[in-house]
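Below: the structure, in structure tokens.
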Amino acid sequence: MSTRPDPEQIVRNFFRDYCISGTLSPTEAETPVSSAALRSAQVMPAAALADQTLLAAVSGGADSLFLLIMLHTLAPEYGFTLSAVTVNHRMRSEEESGGDAGFVQEFCAALNPPVPCYRIDLPEGAVFALAKTRGRGEEDAARVLRYREFDRIARQSGVRWICTGHTRNDQLETLLMRTLQGSPVGAKRGIAPISGRIMRPLLGVDRRDLEEWLRARGHCWREDHTNREERYLRNRIRSRLVPVLDTSFGGWARGMLAGARKAAVDEQFISSFPLPEWTISPSGCSCSATDFFALHPALRIRFLYRGIALLNRGRRIPYALVEKMTSVPENGKSGTLVTGSGLVFARRESLFFLESDIVQKRKSGYLVYIASCGVYELPFGTLRVSGEPGSVYLDGQTGPFPLPLIVRSRMGGDWMQTADGGKKSVKKIMNDWSVRECDREVLPVIECGGSIRAVYGTPLGYPRWYVHQQESNG
């Protein structure tokens with residue numbers, strides 16, 4: 001009978017490997033990345049933690065509470081000073097979210113010696129407002145605001161390292177999410193043990209083991225009920241997919257982590273190749289067509305994403321759009337080559353231009369009749385229709401719908417049913433979602449049996465409105 005790994009020892013090994021010797025000998029269960037990749041990561045020289053201040057991000061849950069206790073235990077051994085930060089996102093009732101923050105403050109004060117704790121109460125509605133602006137959902141908005149506060153406190157107080165409680169479970173959930181979303185090789189490396197000023201000492205620790213560790217020592221923690229709400233993809237993976245994998249595919253986690261280590265090695269190799277520079281201009285950025293075509297397609301993709309980042313794009317760009325940019329003909333004529341998601345990729349003589357599409361001139365819209373399951377290339381990207389003829393799903397998440405379906409752009413007078421049985425115009429829905437003008441003519445409307453069943457904003461980074469559920473889902 002195998003013995004469960006000791007979570008405390010795993011954390012001690014992390015600090016030994018990262019903070020003292022700078023060398024690693026991790027096991028597969030402890031980290032998803034290769035030793036070579038870790039050796040090339042940002043490591044600290046011997047005794048680098050002495051006289052430093054570490055900031056522990058603590059929510060009150062079991063993961064972050066275990067992190068706090070371990071850092072408090074190790075502080076005298078490594079000579080660092082410990083402080084904590086807790087963020088009240090105000091996404092739940094004040095009794096719940098404010099209670100979590102108060103619990104963390106009290107726990108920090110009860111430690112011997114006590115740990116200074118910064119409490120951040122975000123403005124009411126800040127998370128929901130940012131989610132609406134970014135179009136990436138509430139979890140993403142909460143994370144952005146939370147890390148913004150972490151950085152602010154770190155800068156103000158001279159903190160070098162911000163420690164978070166990401167566990168092995170978080171790593172596996174992230175890898176599953178990125179696999180299902182078709183993320184590139186670089187993203188499939190998973191969560192990095194050290195990234196910038198963020199340190200994640202618990203990546204080798206299983207959540208179940210640290211919870212048992214806390215119970216054995218009489219520690220209680222707070223539970224966030226939203227962690228069970230299945231409107232979030234991570235929660236659905238945790239509650240639905242992971243139990244099936246555990247039951248039917250023994251060893252899947254080890255295989256997933258091995259794949260992540262391979263992806264890390266591949267990404268390290270690909271990233272070693274130099275890329276040309278984009279030339280920045282008021283309208284966007286440009287590059288030499290000769291330099292562009294000299295790149296392998298894998299490098300073209302990275303080069304294009306770097307250009308998109310220079311445009312300060314605040315949302316995801318469908319990979320199908322970038323893929324079209326990478327495959328433009330070498331002997332093509334000048335003019336606009338690819339458009340979509342508010343981007344224009346054009347050629348003018350010997351230069352390529354990547355710019356924001358401020359004014360789009362689509363007048364006719366589009367309409368696609370779908371009579372069978374399959375993968376469809378549409379103006380907004382790729383749409384996967386799967387299931388049985390009488391019960392199909394869009395990209396595995398929205399439905400069920402009976403076939404045939406019509407996927408089309410909006411038309412004047414389009415309306416949707418509301419939860420109270422009333423009507424709401426598609427235009428008003430798009431206004432509520434803050435849909436950009438450049439996306440309004442490609443955002444798909446799903447028509448079935450002569451009526452609109454859904455406004456499917458997910459491919460463009462917006463929510464979705466599905467009549468069967470009678471609610472807007474992020």
Ion pair D266/K262, N-O distance below 4.0 Å: no

Run the salt-bridge test on E149 and R152 with the 4.0 Å N-O cut-off and return the result as yes or no. yes

So do the side chains of L233 and E139 get within less than 4.5 Å of each other, counting heavy atoms only? no

Take I194 and W161 through the side-chain contact (heavy atoms from CB on, under 4.5 Å) test and state the conclusion after the steps. CA-CA 9 Å; I194 292 180; W161 297 104; 3.7 Å; yes

Taking the side chain as every heavy atom from C-beta outward, state whether R306 and L275 have any atom pair closer than 4.5 Å. yes

Value rounded to 0.5 Å, distance of CG in L202 from OG1 in T167: 7.5 Å

Give a yes or no on whether the backbone of K324 and the side-chain of S327 come within a donor-acceptor separation of less than 3.5 Å. yes

Listed by chain and number, what are the side-chain hydrogen bond (donor to acceptor under 3.5 Å, both in side chains) partners of T86, not counting sequence neighbours? none

Heavy atoms from other residues, nucleotides or ligands near NZ of K424 exceed 12 (cutoff 6.0 Å): yes

I need the minimum non-hydrogen distance between R197 and V159, along with the two atoms involved. NH1-O, 3.2 Å

When you compare the side chain of F352 with that of S286, does any pair of heavy atoms fall below 4.5 Å? no

Side-chain heavy atoms of R168 within contact of L257, under 4.5 Å: yes

How far apart are the closest heavy atoms of S195 and A192, and which atoms are they? CB-CB, 4.2 Å

Would you check if the side chain of S334 reaches a backbone N or O of E349 as a donor-acceptor pair within less than 3.5 Å? yes

Minimum-distance pair of heavy atoms, taken over all atoms of A142 and V127: N-CG1, 3.9 Å

Consider only side-chain N and O atoms of R234 and T174, and report whether a donor and an acceptor are under 3.5 Å apart. yes

Heavy-atom closest pair (G307 atom, C285 atom, distance to 0.1 Å) is O-SG, 3.9 Å

Atom of P379, atom of V442 and distance for their closest heavy-atom approach: CB-CG1, 4.2 Å

Show your working on salt bridge (charged side-chain N to carboxylate O under 4.0 Å, His left out) between R453 and E447 and close with a plain yes or no. CA-CA 6 Å; R453 290 283 302 277; E447 186 176 316; over 6 Å; no

Got a second to check how far L460's CG is from R440's CZ, nearest 0.5 Å? 12.5 Å

Under a 3.5 Å distance rule, please check whether D395 uses its side chain to pair with a backbone N or O of R384 as donor and acceptor. yes

Any donor-acceptor pair under 3.5 Å linking the side chain of R410 with the backbone of V445? no

Could I get the full list of side-chain hydrogen bond (donor to acceptor under 3.5 Å, both in side chains) partners for D63, not counting sequence neighbours? R207

Distance col, row I198:CD1 vs I162:CD1, nearest 0.5 angstrom, shows 4.0 Å

Are R200 and D170 close enough for a salt bridge, meaning some N to O gap below 4.0 Å? no

Donor-acceptor pair, side chain of Q171 and main chain of H166, under 3.5 angstrom: no

Rounded to the nearest 0.5 angstrom, the CZ-NE2 distance for R143 and H89 is 11.0 Å

Taking R464 for the side chain and Q397 for the main chain, is one N or O donor matched with an acceptor at less than 3.5 Å? yes

List, one per line, each side-chain donor-acceptor pair under 3.5 Å for residues 291-305, sequence neighbours excluded.
{"unit_1": "H296", "atom_1": "ND1", "unit_2": "A298", "atom_2": "N", "d": "3.0"}
{"unit_1": "R300", "atom_1": "NE", "unit_2": "F292", "atom_2": "O", "d": "3.3"}
{"unit_1": "R300", "atom_1": "NE", "unit_2": "L295", "atom_2": "O", "d": "3.0"}
{"unit_1": "R300", "atom_1": "NH1", "unit_2": "T326", "atom_2": "O", "d": "2.6"}
{"unit_1": "R300", "atom_1": "NH2", "unit_2": "F293", "atom_2": "O", "d": "3.2"}
{"unit_1": "R302", "atom_1": "NH1", "unit_2": "A298", "atom_2": "O", "d": "3.1"}
{"unit_1": "R302", "atom_1": "NH2", "unit_2": "E267", "atom_2": "OE1", "d": "2.6"}

Set out, in order, the CA-CA distance, both residues' side-chain angles and the distance that settles side-chain contact (heavy atoms from CB on, under 4.5 Å) for V242 and L172, then state yes or no. CA-CA 9 Å; V242 170; L172 289 167; over 6 Å; no

Could you walk me through whether M256 and L245 pass the side-chain contact (heavy atoms from CB on, under 4.5 Å) check? CA-CA 11 Å; M256 184 69 70; L245 293 173; 5.9 Å; no

Take R436 and Y462 through the side-chain contact (heavy atoms from CB on, under 4.5 Å) test and state the conclusion after the steps. CA-CA 10 Å; R436 298 171 178 82; Y462 299 102; 3.2 Å; yes

What one should report as the nearest heavy-atom pair of L55 and F150 is CD2-O, 4.2 Å

Measure the CG-CD1 distance between L310 and I280 for me, rounded to the nearest 0.5 Å. 4.0 Å

Quick one: CG on D414 to CD1 on I452, what's the gap to the nearest 0.5 Å? 3.5 Å

Is it true that a side-chain atom of R238 and a backbone atom of N169 form a donor plus acceptor pair closer than 3.5 Å? no

